[in-house]
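No hydrogens, no waters, no symmetry mates; every other heavy atom, side chains included, goes into these values. Letters A, B, ... mirror the listed sequences (proteins, then strands); counts begin at 1.
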Amino acid sequence: MREIFIVAGKEFRDGMRNRWILAITLAFALLAMGLAWFGAAASGEVGFTRISTTIVSLASLAVFLIPLIALMLAYDSIVGEDEQGTLLLLMTYPLSRTGLLAGKFLGHGAILALSTALGFGIAAVLIGLLAEQATFANLSGPFSLFIASAILLGLTFLALAYLVSVVTREKARAAGLALLVWFLFVLVYDLVLLGVLVGTEGRVDGGVFRLLLLLNPTDVFRLVNLIGFEETATSSGLLSVFQDQDYPLSLLLGILVAWIAVPLGAAAALFAARRT
Amino acid sequence: MSPVVQLEQVERRFGAVQALKGLSLTVEAGEVLGLLGHNGAGKSTMMKLVLGILAPTSGRVSVLGEDPRGHQARNLRLQLGYLPENVSFYDNLSGREVLRYFARLKRVPVSEADRLLERVGLGHAARRRVRTYSKGMRQRLGLAQALLGEPRLLLLDEPTVGLDPMAVRDVYGMIDQLRGRGTSVILSSHVLPGVERHIDRVAILCEGRLLAWGTIDALRQEAGLPLRIHVRSEEISDALLGRLTEHGVQVVTNGDGRAHLSTAPSEKLGVLRTLLAEERLSDISMEPPTLDSLYAYFDARGRNGGQGDA
């Protein structure tokens with residue numbers, strides 16, 4: 001157990017040193033502030049928009065950004081140590097492969113969680129102070145849920161990044177594969193579903209379609225943040241199939257947790273089975 | 001006392017490639033074993049077996065009386081130090097942070113990490129990021145890492161590659177100190193001039209087989225390579241040449257008053273007496289077969305033998 005925290009501490013320190021934490025925090029804060037301020041520009045006015053609009057547009061941007069950041073943060077965590085020779089060295093220390101991976105996940109997870117909470121948290125506080133119609137009471141609920149689900153989404157793609165890092169033997173390949181993972185989950189998946197929907201002129205069974213959407217963590221993340229807002233129909237695209245049918249929040253968050261646990265478990269199993 | 005490392009008939013296969021074939025050797029406490037061989041001879045594989053990173057396909061490996069992959073492996077690892085070939089540490093951390101990280105993992109007080117940094121001569125650079133370190137400084141950091149926790153067995157894989165001559169001397173100096181304290185060292189190396197004085201025994205590997213194993217003197221005797229004697233004299237008389245030839249000495253003169261002799265080791269004293277009896281001799285120096293030539297001899301013999309088997 002102790003080794004896991006030592007590894008996590010080192011990764012966290014590395015993240016501070018690389019300015020990862022600073023960069024992610026700033027990016028998220030600016031993004032949230034910008035969207036809150038300019039969110040209404042489309043309807044011809046500048047100024048703070050309604051919280052629900054802000055959250056919905058934040059979610060649709062974060063769904064691109066967070067997976068990319070998580071993948072970049074961790075894609076080289078194993079393959080990088082392998083290439084620089086420290087993996088071999090660490091294997092001669094009283095540290096198991098699973099312990100190493102767990103430590104990395106804990107450290108990277110802390111970096112991601114801290115900067116997500118800080119970045120969006122700062123933005124929420126500023127919006128609360130600056131916007132007339134917003135109060136902390138009606139901001140805190142949606143923003144807490146948004147931040148929590150954003151962290152879960154980040155952890156999902158961290159787990160996928162370890163899987164990428166364990167199955168590749170070169171850093172360059174890992175980077176390529178990480179990009180492919182991002183592309184598949186964030187862009188291609190929805191496009192293919194849309195294509196199916198259009199191609200069959202909507203004759204796909206609604207239940208099957210909803211199930212397919214629930215299989216993608218990015219869609220689940222967006223769904224979490226669309227639930228309960230009326231204007232979702234205009235900006236949710238594919239997810240409008242969920243309009244008439246609510247899924248409990250716990251189910252959606254549970255799916256995200258499963259999306260963390262399964263790839264992480266697979267990465268640990270594959271790593272442990274590796275010969276070198 | 002039982003040996004620190006004991007390998008018995010160890011084989012290791014990677015798919016179709018037989019990386020080690022029937023390897024048996026031991027390393028005693030306080031002994032420095034020089035592991036020589038070409039690239040791919042099995043040096044690193046042997047180290048990984050001793051470290052417990054790899055399991056032997058067959059045969060037995062015992063380190064400090066334990067199986068390096070057994071139940072006691074974790075405790076065993078606290079007593080081993082390892083410097084892998086071509087390791088590069090975390091660029092964004094300082095030398096001190098890197099070493100403290102490894103110290104914590106090895107359950108060693110971080111104060112020892114700071115002490116070791118001083119000892120390998122990195123005290124002044126402890127707060128600098130590893131990114132700014134030279135090749136030699138990185139290697140010193142690696143060595144400091146291997147020395148954490150005063151290991152009883154130290155495995156150094158090519159520790160002097162890429163180092164300048166002064167840094168190489170420092171590394172050897174440190175090995176001598178450790179040997180004095182009873183630490184066993186396995187040192188893999190390409191053949192390098194000057195390494196002879198710092199190793200007790202040599203093991204020569206070729207294509208996974210142990211070609212020779214013993215003290216340098218024993219290997220010299222086994223190889224029976226000629227001894228080279230260099231002589232300076234105003235004139236080398238025909239009478240002297242005649243006497244030398246009786247001892248079976250081959251003489252090369254090149255007219256500037258120098259002569260180079262090579263003789264069988266068994267004739268050494270006879271030849272020297274003959275030379276010392278000569279009045280006009282102004283200088284004489286002797287050169288036993290170098291490790292280099294011993295390695296070349298055993299390697300060539302091993303390769304020919306290998307072809308004979310096939």
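Within the 4.5 angstrom heavy-atom criterion, no atom of Glu85(B) approaches chain A. With a 4.5 angstrom heavy-atom cutoff, Asn86(B) touches chain A only via backbone atoms. Within the 4.5 angstrom heavy-atom criterion, no atom of Arg100(B) approaches chain A. Neither the backbone nor the side chain of Leu80(B) has a heavy atom closer than 4.5 Å to any heavy atom of chain A. Of the two parts of Ser94(B), only the backbone, made up of N, CA, C and O, holds a non-hydrogen atom closer than 4.5 Å to a non-hydrogen atom of chain A.
Relative to the six-membered ring of Tyr133(B), Arg138(B) misses at least one condition, a distance below 6.0 Å or an angle of at most 45° to the axis. With a 6.0 Å cutoff to the six-membered ring centre and a 45° limit on the axis angle, Lys10(A) counts as a cation-pi contact of Tyr90(B).
Heavy-atom contacts from other residues, nucleotides or ligands closer than 6.0 Å to CZ of Arg13(A) number 12 or fewer.
Ion pairing between a basic and an acidic side chain is recognised when a charged N comes within 4.0 Å of a carboxylate O; Glu3(A) and Arg74(B) show such pairing. Salt bridge annotation for Arg17(A)-Asp91(B): absent, with no cationic side-chain nitrogen under 4.0 angstrom from a carboxylate oxygen.
Contact count against chain A (heavy-atom pairs under 4.5 Å) is highest for Ser88(B) among Ser88(B), Ala73(B), Gly52(B). Taking Asn75(B), Val87(B), Leu105(B), Leu51(B) one by one and counting their heavy-atom pairs under 4.5 Å with chain A, the maximum is reached by Leu105(B).
Thr86(A) and Glu81(A) are linked by a side-chain donor-acceptor pair at a separation below 3.5 angstrom, with hydrogens and angles left out of the test.
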